[in-house]
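Reminder, nothing fancy here: chain letters follow the sequence lines and each chain counts from 1.
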There are 2 protein chains.
Amino acid sequence: MATGRTHRPATRSRGIPEATVARLPLYLRALTALSERSVPTVSSEELAAAAGVNSAKLRKDFSYLGSYGTRGVGYDVEYLVYQISRELGLTQDWPVVIVGIGNLGAALANYGGFASRGFRVAALIDADPAMAGKPVAGIPVQHTDDLEKIIDDNGVSIGVIATPAGAAQQVCDRLVAAGVTSILNFAPTVLSVPDGVDVRKVDLSIELQILAFHEQRKAGEEVTGESGAVVRAPKDSGKGPDGDVPAVMPA
Amino acid sequence: MATGRTHRPATRSRGIPEATVARLPLYLRALTALSERSVPTVSSEELAAAAGVNSAKLRKDFSYLGSYGTRGVGYDVEYLVYQISRELGLTQDWPVVIVGIGNLGAALANYGGFASRGFRVAALIDADPAMAGKPVAGIPVQHTDDLEKIIDDNGVSIGVIATPAGAAQQVCDRLVAAGVTSILNFAPTVLSVPDGVDVRKVDLSIELQILAFHEQRKAGEEVTGESGAVVRAPKDSGKGPDGDVPAVMPA
DNA sequence: TTCTGTGAACTGATTCACAGCA
DNA sequence: TGCTGTGAATCAGTTCACAGAA
């Protein structure tokens, strides 16, 4: 793989850091709430608090979009809602298909926030013939056989995979071949896609494991006090036959 | 994020970067698959491919855990499964409660991967009295009134919030007051918690918005690149040095 | 030789702190 | 005055490239 030249000099506005992009929806949500309360302007401090970030970060983030604030005053809520919406591409309609209408797929189809900002569930697809025609969230489920046609007919570029892990890669391949270039993957598996296709994954199990890591560490600290020796820590509870139990042997 | 006073002599070993922690479950999944196929050892290259990362990153990650590999050979699959499981705290049982048994909560309760690695759904809680007693995924739903007792009786330290946004903060406060110190939040809202409590959020709407941002950008580039049926890779865009499409459209 | 483990360089993100505008 | 916008400093994460063990 060619490392190649890195990014373009970022002439202007193009080159918003990924971390910033990931926070824009957060700001947008907070701003929308303010808008509904008819609040005309917010300071970076207030908005940052509502979005759960610090104000310096927020101002830096907004600086990548342009100078949309007024010094000494703050940001115009409506204007910022519009600017961020536009930046995120939410001023247009995004038809989405959900593939795999099990418990999770059905829950996603029913999820309200889905339909809100420009995202429209264009179709539900499942491999089970018994599901075909049955409405879920008011939308009839269609069979996987017609996947390509459905994608094409609806001009879908975003697909959601909520199938079992074993089927995910195959579904992914078909979605991509049919023209989908962004995938939200709920299946607990690594998808491989060609360049130019974005995949984001949501994995419940991984999130829980990360929490467990920190939880375990808390339990350790709680008991340990000041000494380094962990007592009653739930870590090595007479585990395997191997003798070297020490948590980690320093190199 | 910091759990109170974090000043320990740092016995080495403690201080695994957050980014590394977030990848350990990925490695564990890949290793588990290898284990099931009775593969005895893997190289960093192979394992990295299976986990969807590059091998240098994987080796660096493992170096934080200790020296568990063998030069010239690779890693012992079983041994590594055990070490990572232990590091993540998965060798113990984690009772979990799910609050908010709507479409999503029910889907989570039914989710198999949930129950797998040490996580056990200890209770389901919902505010709707009509739900009380009704079994979901074989577990009877209990009423919110008993939340504190349920947490206490089951020794729960991890809670999952799948309520509507409006109820999430209140539920969160009660969970925390009852002793929960890790929360997985599916409600589209920012939760505020005291120091020492970890919150991770999963937000479908945000993920879609991030995808839409990139999708939009692709659409713009497509025009620039002229006639290519497939859009260029968003990452190492080794594309022409010519100027970009003026991205900012006037309001 | 093959492959791990790791300093060092690099890249990206966050925070600081203050200049500059309303 | 009160706030935004932003260079500079800092911090975290990634990648490089190679020393060194099996």
May I have the distance from [X] (atom [atom1]) to [N] (atom [atom2]), rounded to whole angstrom?
X	N	atom1	atom2	answer
Leu47(B)	dG5(C)	CG	P	12 Å
Glu45(A)	dC3(D)	CD	C1'	10 Å
Tyr68(B)	dA22(D)	OH	P	17 Å
Leu65(A)	dT4(D)	CG	C1'	14 Å
Leu80(B)	dT4(C)	CG	P	11 Å
Asp76(B)	dC3(C)	CG	C1'	15 Å
Lys60(B)	dC18(D)	NZ	P	15 Å
Arg59(B)	dG7(C)	CZ	C1'	14 Å

Test item: Val53(A) and Arg23(A) side chains (from C-beta on) under 4.5 Å apart, heavy atoms: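 They are in contact (side-chain heavy atoms under 4.5 Å apart), so the answer is yes.
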Nearest of dT14(C), dT15(D), dT4(C) to any side-chain atom of Lys57(A)?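 Closest nucleotide among those given: dT14(C).
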Nearest of dT14(C), dT4(D), dC16(C) to any side-chain atom of Arg23(A)? dT14(C)
So, Phe62(A) versus Tyr68(A), ring centres under 6.0 angstrom or not? no
Hey, does the side chain of Ser43(A) come within less than 4.0 Å of dC3(D)'s phosphate (OP1/OP2), counting only N and O?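 Checking dC3(D) against Ser43(A), no side-chain N or O comes under 4.0 Å of OP1 or OP2.
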Considering just the side-chain nitrogens and oxygens of Asn54(A), establish if one lies under 4.0 Å of OP1 or OP2 belonging to dT15(C).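 For dT15(C), OP1 or OP2 has a side-chain N or O of Asn54(A) closer than 4.0 Å.
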The answer to which of Ser63(B) and Ala19(A) contacts DNA chain C further toward the 5' end, by nearest nucleotide, is Ser63(B)
Closest-nucleotide 5' rank along DNA chain C - winner of Thr70(A) and Arg71(B):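 With Arg71(B) and Thr70(A) compared, the 5'-side residue is Arg71(B).
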Nearest 0.5 Å, please: how far is CG in Leu80(A) from CG in Leu34(A)? 10.0 Å
Does the side chain of Glu36(B) come under 3.5 Å of the side chain of Thr32(B) through a donor N or O and an acceptor N or O? no
Option passing side chain to side chain contact (heavy atoms under 4.5 Å, CB included) with Tyr75(B) (candidates Arg59(B), Glu46(B), Gln83(B)): Arg59(B)
What's Tyr75(A) touching, base or sugar-phosphate or nothing? Going by heavy atoms closer than 4.0 Å. sugar-phosphate
